[in-house]
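Each remark here refers to the structure printed beneath this line.
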There are 2 protein chains.
Amino acid sequence: MSPRAYRLGRRTAAAQRTRARVLRAARDLLTARAGAEPFSVDAVARRAGVARMTLYHQFGSRRGLLEALFDSFADGGELPARLAAAFQRPDPLDSLADIVAAFARFWDAGRPWIRRVRALGVLDPELGKAVEARNARRREVVRVLVERLGTRYGRPAPDEQAQAAELLYTLTSFETFDTLAGPGRKLPDVAGQVLRLARAAVGRHD
Amino acid sequence: MSPRAYRLGRRTAAAQRTRARVLRAARDLLTARAGAEPFSVDAVARRAGVARMTLYHQFGSRRGLLEALFDSFADGGELPARLAAAFQRPDPLDSLADIVAAFARFWDAGRPWIRRVRALGVLDPELGKAVEARNARRREVVRVLVERLGTRYGRPAPDEQAQAAELLYTLTSFETFDTLAGPGRKLPDVAGQVLRLARAAVGRHD
DNA sequence: CGTTAACTGTACATACTGTCTACCTAAATA
DNA sequence: TATTTAGGTAGACAGTATGTACAGTTAACG
């Protein structure tokens, strides 16, 4: 697909490396114990072992850093592959189960710091837009799924489909997972509970 | 030195009045369009028409102000009365419906600023404790309800009851309501959707 | 070798929190 | 009436944060 850029040069390579190091430091800092340490540009820079100016040079601003962090996580993970695999299932109810499980894994992997980035997104409207853009993808995923369910199991009224999509969107949200998981629930248990509700949301109970 | 007995009459009345004015200003500021204006102690003071020092004098700190704001909302509303009324219903399934409706109303009334206070609670662990304390009440509400449902409709295994309580806790959370309501859904519609899931959560489908 | 760009160091303007001190004023009390 | 008390105010201050400006260093690149 994309031709491998074999002439990219050591300069950009090094730049990408520091970029990655900074993002990792930012993630670690956000993950750190109970939010005791405030998330400041300076703290991230110190943790990454670079100058504060490097951050502004590379990300433009604190917000830019957070957006880049959010993007790196969303793109870097294996969520897209898992979602694609879920849609391969012949029975859309199986797809639903896989999708719920995929999001549960996804949220669980970055729980402590995703929670904070989202909180920052609520407080900073600009950052909030970036978060919302990611949510739009999930919204599309559930919309397509509901469509398939309608085709397979009999199509309900359009507004009922829309309602089902809204419910699935909410059930697969980070907030639902985070609240339900609480301080120490096991991942499969939580995913199972969400799936039960999700089946109810589309009118297919156990 | 014998501290003179100083019974407070009109003074506390006046103090309560400024207190209320400040809290109102804080609420309005948090509600203000899209969070454009940052929530600073100074901004609240200006909006309330008092000196910044008055806020520190009255609430101790920015966090104290936010906690007071949160408390004033929780205590001042009609939620407790509605919950009490809900528990009067003979059929616990009717109680469930009323409880869901009560929380939906409650969250809807302060949606724009509750969202921000909760975000601030995520970022500030101390403030988060205050928020969590309020959630503990709701947790107790759903626990008692699940207990009643078990008595009335046949008691499931203890861990199933615990799971049902967790689900109801999540479904009645602000985050669920806020996500589901989106930008422009009608309150009764959202409450109805949540109720459907809540009934599924306790094993009572339509 | 000269150019370019990542990276750095320092200084600076701005804004916010929180503390301190002194002060004014009106209510409450002796 | 005289005095105490507490709510509210004003200004200065320290500490920390973001973000900008600018000059400097270093190493890859043509």
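Residue numbers begin at 1 in each chain, while the letters A, B, ... track the order of the sequences. Just so you know, these numbers come straight off a predicted model, no measurement behind them.
- With hydrogens and angles disregarded, no donor-acceptor distance shorter than 3.5 Å links the side chain of B:Thr179 to the backbone of B:Thr176.
- Distance, A:Leu123 CG to D:dT18 C1': 16 Å, rounded to whole Å.
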| message | Under the criterion ring-ring contact (aromatic ring centres under 6.0 Å, His included), I'd like the reasoning laid out for B:Phe106 against B:Phe73: C-alpha separation, chi angles, the key distance, then a yes or no. | response | CA-CA 9 Å; B:Phe106 182 65; B:Phe73 183 65; 4.9 Å; yes
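- DNA chain C is contacted by both B:Arg62 and A:Gly49; A:Gly49 maps to the nucleotide lying nearer its 5′ end (nearest heavy atom per residue).
- Phosphate contact (OP1/OP2 of D:dG7, side-chain N/O of B:Thr54, threshold under 4.0 Å): absent.
- The interatomic distance linking B:Phe59 (CZ) with D:dG7 (P) rounds to 12 Å, in whole Å.
- Distance A:Leu55 CG to D:dT20 C1': 15 Å, rounded to the nearest Å.
- One can place NE2 of B:His57 at 14 Å from C1' of C:dC20, the figure rounded to the nearest angstrom.
- In this structure, B:Gln58 reaches the D:dG8 phosphate: one of its side-chain N or O atoms is under 4.0 Å from OP1 or OP2.
- Salt bridge annotation for B:Glu166-B:Arg139: present, with a cationic side-chain nitrogen under 4.0 angstrom from a carboxylate oxygen.
- Separating the CE atom of B:Met53 from the C1' atom of C:dC23 is a distance of 12 Å, rounded to the nearest angstrom.
- Cation-pi geometry between A:Arg138 and A:Tyr169 is met: under 6.0 angstrom from the ring centre, within 45 degrees of the axis.
- Across the protein-nucleic acid pair, B:Tyr56 atom OH and C:dA22 atom P stand 21 Å apart, rounded to whole Å.
- Remark: B:Thr18 is in phosphate contact with D:dG8, judged by side-chain N or O atoms under 4.0 Å from OP1 or OP2.
- One interatomic measurement links the two molecules: CZ of B:Arg52 to P of C:dC20, which rounds to 14 Å at whole-angstrom precision.
- Taking atom CZ of A:Arg17 as the reference point, atom P of D:dA28 lies 10 Å away to the nearest angstrom.
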